[in-house]
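One structure is given here, and the rest of the page talks about it.
Basis for what follows: all heavy atoms, side chains included, without hydrogens, waters or symmetry-related copies.
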Amino acid sequence: MSLNKKLLSALILSFLFFYSCSEKKQEANQDELNKNYSNPSYVLTQAKNILGNDVKETFKGRFDRDSVIEVIAGTETSNKTQWGIRFYFLKMKNGELTKIWQTDLLQGSFKGSLCDKIKFPYFDHELVYYNSKDYFLGSGGGEVFTYIINFQDYKTYYAHLVDERGKPVSLFVSDNIDVPEIHNFFVGIFKKDYPALKLVDKDIQLRY
């Protein structure tokens, strides 16, 4: 074998060795990331590093068609000028959790609420479901805010139950719902507690 051929073989072997080591290092880093993001406390800390201490809820899951690490974070704002909750879609890019999208500021509070991932057969990814439960309800009536958020398509589906004294219990369901399964879900969960509820075409804003 000539000297040139020996040098070429040595270079190829060196390249393959370093490529293999690099791949193993990347796999080890990915395994470490996956392990860290399996810890809810770690997920919450990382979300707060990006969004601040207003973060109240976090979920790791698969919220679109990608297979990278994805996190949903919910923040709550309450001050003299605005109040409500907002959801953020965070995704791993180049080894860092990055903000991709956020909802508008939504009416609601995380105090006493139900908030979790939800899966519908129609979708091949997870969504987030929020229900304010009885936080805005009292002996004289009140309201319940509910949302289902599809982060793949950047859509927020909304249903609003209103219980006014002396009036039928009303339910408004947003007209952007393009999946019958979601519409039926909203109606079904409220009809369990309010069988005689009335569906309305226009949202009702209560005055406190």
Practice task
Please check if the distance between the ring centroids of Phe120 and Phe185 is under 6.0 Å.
Solution key: yes
Exercise for the section: Answer with yes or no whether the hydrophobic clustering places Val179 together with Ile118; edges join I, L, V, M, F, W, Y residues whose side-chain heavy atoms lie under 4.5 Å apart. Expected result: yes
Practice task
Test side chain to side chain contact (heavy atoms under 4.5 Å, CB included) on Thr98 and Lys91 and set out the steps.
Solution key: CA-CA 5 Å; Thr98 304; Lys91 185 185 289 192; 5.8 Å; no
Exercise for the section: Apply side chain to side chain contact (heavy atoms under 4.5 Å, CB included) to Asn150 and His125, showing your working. Expected result: CA-CA 9 Å; Asn150 178 3; His125 56 275; 2.9 Å; yes
Fill in the blank from the handout: When rounded to the nearest 0.5 Å, the distance separating CG of Leu199 from CG of Leu171 is 5.5 Å
Handout entry: Glu126 and Lys117 ion-paired at < 4.0 Å
Key = yes
Problem - OH-SG distance between Tyr130 and Cys115, expressed to the nearest 0.5 angstrom - result: 8.0 Å
Handout entry: Ile72 side, atom CD1; Gln102 side, atom CD - distance, nearest 0.5 Å
Key = 12.0 Å
Problem - Cluster check Ile177, Leu197: I/L/V/M/F/W/Y, side chain < 4.5 angstrom - result: yes
Exercise for the section: Check whether Val128 and Ile148 end up in the same hydrophobic cluster, where Ile, Leu, Val, Met, Phe, Trp and Tyr are linked by side-chain heavy atoms less than 4.5 Å apart. Expected result: no
Handout entry: Value rounded to 0.5 Å, distance of CD1 in Ile189 from CG in Asn184
Key = 11.5 Å
Practice task
Rounded to the nearest 0.5 Å, what's the gap from OH on Tyr135 to OG on Ser113? Could you check?
Solution key: 10.0 Å
Practice task
Answer yes or no: is there a side-chain heavy-atom contact under 4.5 Å between Phe89 and Asp64?
Solution key: yes
Exercise for the section: Could you grab the distance from atom CG of Asp54 to atom CD1 of Ile85, nearest 0.5 Å is fine? Expected result: 12.5 Å
Handout entry: Name of the residue among Phe136, Phe190, Phe172, Phe145 meeting ring-ring contact (aromatic ring centres under 6.0 Å, His included) with His160
Key = Phe145
Exercise for the section: Find out if a path of hydrophobic residues (ILVMFWY) with successive side-chain heavy-atom gaps under 4.5 Å connects Val169 to Ile204. Expected result: no
Handout entry: More than 12 heavy atoms from other groups under 6.0 Å of CG on Asn94
Key = no
Practice task
Establish, yes or no, whether a centroid distance under 6.0 Å links the rings of Tyr129 and Phe87.
Solution key: no
Exercise for the section: Answer yes if Leu137 and Val162 sit in the same cluster of Ile, Leu, Val, Met, Phe, Trp and Tyr residues linked by side chain heavy atoms under 4.5 Å apart, and no otherwise. Expected result: no
Problem - Heavy-atom neighbours of Asn49 CG exceed 12 at 6.0 Å - result: yes
Handout entry: Pair Asp178-Tyr157, side chain to side chain donor-acceptor pair (under 3.5 Å): steps then yes or no
Key = CA-CA 9 Å; Asp178 46 8; Tyr157 306 118; 2.9 Å; yes
Practice task
Would you sort out whether Tyr37 and Gln46 count as a side chain to side chain contact (heavy atoms under 4.5 Å, CB included), showing the intermediate values?
Solution key: CA-CA 9 Å; Tyr37 277 92; Gln46 296 307 304; 3.6 Å; yes
Exercise for the section: Mark yes when over 12 heavy atoms from residues, nucleotides or ligands other than Lys119 sit less than 6.0 Å from its NZ; otherwise mark no. Expected result: yes
Handout entry: Min side-chain heavy-atom separation Phe151-Leu90 under 4.5 Å
Key = no
Practice task
Indicate yes or no for a side-chain donor-acceptor contact from Arg65 to the backbone of Asp124 under 3.5 Å, with no hydrogens or angles considered.
Solution key: no
Practice task
Tell me, with the steps shown, if Asp203 and Tyr158 meet side chain to side chain donor-acceptor pair (under 3.5 Å).
Solution key: CA-CA 10 Å; Asp203 199 6; Tyr158 166 62; 2.9 Å; yes
Exercise for the section: Using a cut-off of 6.0 Å, state whether more than 12 heavy atoms not belonging to Glu96 lie near its atom CD. Expected result: no
